[in-house]
Amino acid sequence: DGDLLSRTADAAVDGRKSTTAAAVVALDSNPPKGTRDFYPPDMRLRSWLFDQWRSVASLYGFSEYDAPVLESESLYTRKAGEEVTGQLYNFVDKGGRNVALRPEMTPSLARMVMAKKGGLPLPLKWFSIPQCWRYERMTRGRRREHYQWNMDVWGVSGIEAEAELLSAMVTFFVRVGLTSDDVGIKVNSRGVIAEVLAELGVPEDKFASTCVLVDKLEKVPLDEIREDLEALGLERSTIERLTSVLTNTSIESISGVLPPGSRAIEQLSALLDLCDAYGIRDWVTFDASVVRGLAYYTGVVFEAFDRRGALRAIAGGGRYDRLLETFGGEPTPAAGFGFGDAVIVELLRERNILPSFEGSGFDIVVFAMGSDLYRAAVEVASVLRAEGRTVDLILEDKKAKWVFKHASRNEAGYCVIVAEAEYENGEVVVKDLSVGEQRTVKIGALGDWAKEAFQS
Ligand SMILES: Nc1ccc(Br)nc1
């Protein structure tokens, strides 16, 4: 029974059943550990978030770029003990290459700049929304992938770049309905640590690892880190001095403990003054304990946090003036931030300001009353689509009751019915689902009807 193709398919399924009758194990329908599926409702929210990110980036004159999710592992072999390189999603490919799923976007950006060998007109204001990966032992059951809005300015050495980035971040927060009562941005400069270490004669090559360890102080007590700092070769006195400086929460107080004329303090003061000019000063707060966990930051660093303190950092960034040199490139100043898709959604959900998607269906549902009119329904749908209307054409012979339920569930505005009697008169029935009225429209006038019905 049935045509050859369906008979072949049935045989294949039966064959599978017969050979593996004892062990027919259903496919595991879950996505791989630590990853997410985005069903249409999830995707509507994700697309909305990405659209907000894209429109703010465009408002600030940033251009979108992208790079492969797969990169050479060598982009991430930094030896500063960072979490991000310690959890690399790396493997050896079939060509024997050491590759990794990117854990962050900045190294790919640096590689792309390197590839152009100074041929790119600076400054660059580029953004991207890459999916980034980490391979974390599932002991902590955390996600292994997220989407991270990256905004970067290359070729500007002044804090004007950081101020513009902070302003863009705040513009996004305001756009999605958050205020400076909900979210703050802690600002500091690693220049403070650099000056303290220099004053105490600590070699520069200890700087990145010291910062990565100091960043861990946010999560683990000092005595757990103290050993690591001593293992780095820092004297106890240096550690004490460092920790005493980092507990300052005002620029005034920290100025008193730093060498006079500190460049880091000068820059932070200038940055906070520019924040005033942007009208975002109340979002921003100096906090000497913020150093962020990436090894390559060299100057200003910042992180957005929810003021109720319930969530992990919303976003983070800073200046990284030496990254290109570590890749063998020319010294090029750079600053940027990364903004993950998960924490912000948690925050909006908790604040109950997630967008709702009424009317996210289609304009019109078209269906044929009886399969002998299906061809006519195709023509009607095509006329309406040519007018730019989104049309859900019912592909099977369904009862009107089912179609109307389907249309209202998808918040369609109209149902266009191809029915025998009207069709013989060259007409279709148009049902306005918002008011429940229906009328007939000449098929030749459907285009004008659509223009008029959707003129708003
Ligand atoms: N770097 C990174 C990658 C993936 C996730 Br989830 N979190 C951080």
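- Taking the six-membered ring for Trp, F339 and F173 have ring centres closer than 6.0 Å.
- Panel note: side chain R190, backbone A208; no donor-acceptor pair is recorded below 3.5 Å.
- Judged by distance alone, the side chain of N410 and the main-chain N or O of G361 form no donor-acceptor pair under 3.5 Å.
- When all heavy atoms of A168 and V56 are compared, the closest pair comes out as O-CG1, 3.4 Å.
- Judged purely by distance below 3.5 Å, without hydrogens or angles, the side chains of D282 and S180 pair a donor atom with an acceptor atom.
- Remark: the backbone N or O of A277 is not paired with any side-chain donor or acceptor of D273 at under 3.5 angstrom.
- With no hydrogens or angles considered, no side-chain donor-acceptor pair links Y414 and S434 at under 3.5 Å.
- For E230, the CD atom is densely surrounded, since the number of other residues' heavy atoms within 6.0 Å is greater than 12.
- When only modelled atom types and interatomic distance are considered, R78 and Y296 share no side-chain donor-acceptor pair under 3.5 Å.
- Neither side chain, E71 nor Y76, offers a donor N or O lying under 3.5 Å from an acceptor on the other.
- For an aromatic pair to be called close, the ring centres must be under 6.0 Å apart, and W126 with F62 fails this.
- Here the closest heavy-atom approach between residue V212 and residue A295 is recorded as CG2-CA, 4.0 Å.
- A donor atom on one side chain and an acceptor atom on the other are not found under 3.5 Å apart for T35 and E145.
- Between the side chain of N188 and the backbone N or O of V290 there is at least one donor-acceptor pair closer than 3.5 Å.
- For the residue pair N150 and Y65, no side-chain donor N or O sits within less than 3.5 Å of a side-chain acceptor on the partner.
- Screening R142, K33, R143, R144 for a salt bridge (Lys or Arg N to Asp or Glu O under 4.0 Å) involving E136 leaves a single residue, R142.
- For S189 and R319, the side-chain atoms include no donor-acceptor pair closer than 3.5 Å.
- When all heavy atoms are compared, the tightest approach of A377 to V366 is O-CG1, 3.7 Å.
- Remark: of the listed residues E199, E195, E235, E199 is the sole one forming a salt bridge (Lys or Arg N to Asp or Glu O under 4.0 Å) with R241.
- Using a 30° and 60° split on the angle between ring planes, W149 and F172 fall in the tilted class, from 30° to 60°.
- Defined by atom type and a distance below 3.5 Å, a donor-acceptor pair is present between the side-chain atoms of S250 and S253.
- More than 12 non-hydrogen atoms from other residues, nucleotides or ligands lie less than 6.0 angstrom from NZ of K219.
- A salt bridge links E325 with R322: the closest approach of a Lys/Arg side-chain nitrogen to an acidic carboxylate oxygen falls below 4.0 angstrom.
- A donor-acceptor contact shorter than 3.5 Å is absent between the side chain of S108 and the backbone of A67.
- Between the side chains of Y278 and W283, not a single donor N or O lies within less than 3.5 Å of an accepting N or O.
- With rounding to the nearest 0.5 angstrom, the CZ atom of F337 is 8.5 Å from the CD1 atom of I185.
- Checked by atom type and distance alone, the side chain of S167 never pairs as donor or acceptor with a backbone atom of A163 at under 3.5 Å.
- Under the 3.5 Å distance criterion, the side-chain polar atoms of S209 are left unmatched by any main-chain donor or acceptor of K206.
- Within the structure, side chain to side chain donor-acceptor pair (under 3.5 Å) pairs that include any residue of residues 341-354 comprise R36-D341, D182-R351, R312-E346 (at least two apart or interchain).
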